[in-house]
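None of the values given here were measured: they were computed from a predicted structure.
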Amino acid sequence: MDTEEYCPVCKTDKYLSPDMKFLINPECYHKICESCVDRFYSLGPSKCMYPNCNKILRRNRFKTQVFDDLSIEKECDVRSRVMKVFNKNEEDFSDLKDYNQYLEEIEDIVNNLVNNVDIEETEKKLKDYELLNQKEILENNTKQVEKDQIQADLTKLETQLKQEKRRHEKQTAEEDKLLKKANEAALIDQMQNESAQPPQAVRMHNTNVLRKSSARKKHIKELEEQIHMHRRALGAGGHGIESSVPPQTPFTPFNGDKDRTKYYQFQDNYYDPIFNDMVSKDPTFTASGYDIKKYFKRSLAEAFTGLNIFVSEEIS
């Protein structure tokens, strides 16, 4: 029987118990049904029920599996645990190289814990770092909580803004219809009564429509200002990596592809024993708009590209 469909502890399968729920523990990631977890671990810590597994499991550590692949589940848990300790951001570094080395160190620790490589040494390194940087870790966690709250508020405001804009468009369309009907009625009334002024009710209606529209636009503008303030708050941080430092890009020769010097002079006529005859005799080329001069220009450009370019000098 597939282990995905039955509990290896009580031997209950999903065919007979469709509502059966499996739980896993980050200590070993063995699947156990919820009934067995309550029965064996409610009174306190105990060994895993799987044969040859000596991990001590606790009831409060059991959770529902999120990913079908347990290796992905384990990596997410390990990464979350490591990132709670190594919680610096890019703005905490003055040099991009130092920040990249910090990220590499995190990936090495995650890789070791996920793949069971040098577990004791890696766990010791993680604990030592946590002990040495307790104050900084706490401060970064506080900053992250504040950022998360600002991001949640920003998301809420953006959703509210979208709803307000849709409501504004809908109400504007409805009011335009009512205003059009009122104006048509006023026009008919003017024609019947030969009056030069629209009725007082129509003027009041137009005034109310403009007032409501102005209030909605003001509310939308206030929401946009709040969103702008939240975005600025999210963007604000430490001094971080200097923005004046130009972004690092892969090296390209030819003076950063900006050398436009031409080392040749293009002539009006060139002769190629193959292509000249082919193009002149075959109407397919000329019918499609092909110009043999483009071929000569490209050939000359490829031939002279790289002249007077010394890559070693440009790198230095």
For [X], enumerate each residue passing the side chain to side chain contact (heavy atoms under 4.5 Å, CB included) test, keeping only those at least two apart in sequence or located in another chain.
X: K156; answer: none
X: D69; answer: S71, I72
X: N87; answer: I137, N140, N141
X: Y15; answer: D13

With a 3.5 Å cut-off and sequence neighbours excluded, list the donor-acceptor pairs that the side chains of residues 117-124 form with protein atoms.
{"residue": "T122", "atom": "OG1", "partner": "N112", "partner atom": "ND2", "Å": "3.3"}
{"residue": "T122", "atom": "OG1", "partner": "D118", "partner atom": "O", "Å": "2.7"}
{"residue": "E123", "atom": "OE1", "partner": "R81", "partner atom": "NH2", "Å": "2.5"}
{"residue": "E123", "atom": "OE2", "partner": "R81", "partner atom": "NH1", "Å": "3.1"}
{"residue": "E123", "atom": "OE2", "partner": "R81", "partner atom": "NH2", "Å": "3.3"}
{"residue": "K124", "atom": "NZ", "partner": "D128", "partner atom": "OD2", "Å": "3.0"}

When Ile, Leu, Val, Met, Phe, Trp and Tyr are grouped by side-chain heavy atoms lying under 4.5 Å apart, directly or through other members, which residues fall in the same group as [X]?
X: Y29; result: I24, L70
X: L43; result: none
X: M49; result: V9, L23, I32, V37, F40, Y41, Y50, L57, F62

*Applying ring pair (Phe, Tyr, Trp, His ring centres under 6.0 Å), name anything that partners F67, two or more places apart in sequence or on another chain.*
none
*Sort and list the pairs that fulfil ring pair (Phe, Tyr, Trp, His ring centres under 6.0 Å) and have at least one residue in residues 140-167, not counting sequence neighbours.*
none
*asked:* Test: ring pair (Phe, Tyr, Trp, His ring centres under 6.0 Å). Region: residues 106-131. Which pairs qualify, not counting sequence neighbours?
replied: F86-Y129
_Counterpart residues, side chain to side chain donor-acceptor pair (under 3.5 Å), relative to N111 (two or more places apart)_ = N115
_Ionic contact status for E91 with K143, cut-off 4.0 Å_ = no
*If you measure from the Lys or Arg side-chain nitrogens to the Asp or Glu carboxylate oxygens, is any gap between K88 and E136 under 4.0 Å?*
yes
*Take the angle between the ring planes of Y99 and Y102 and call it parallel below 30°, perpendicular above 60°, tilted in between.*
parallel
*Spacing of CD belonging to Q101 relative to NZ belonging to K97, to within rounding of 0.5 Å*: 6.0 Å
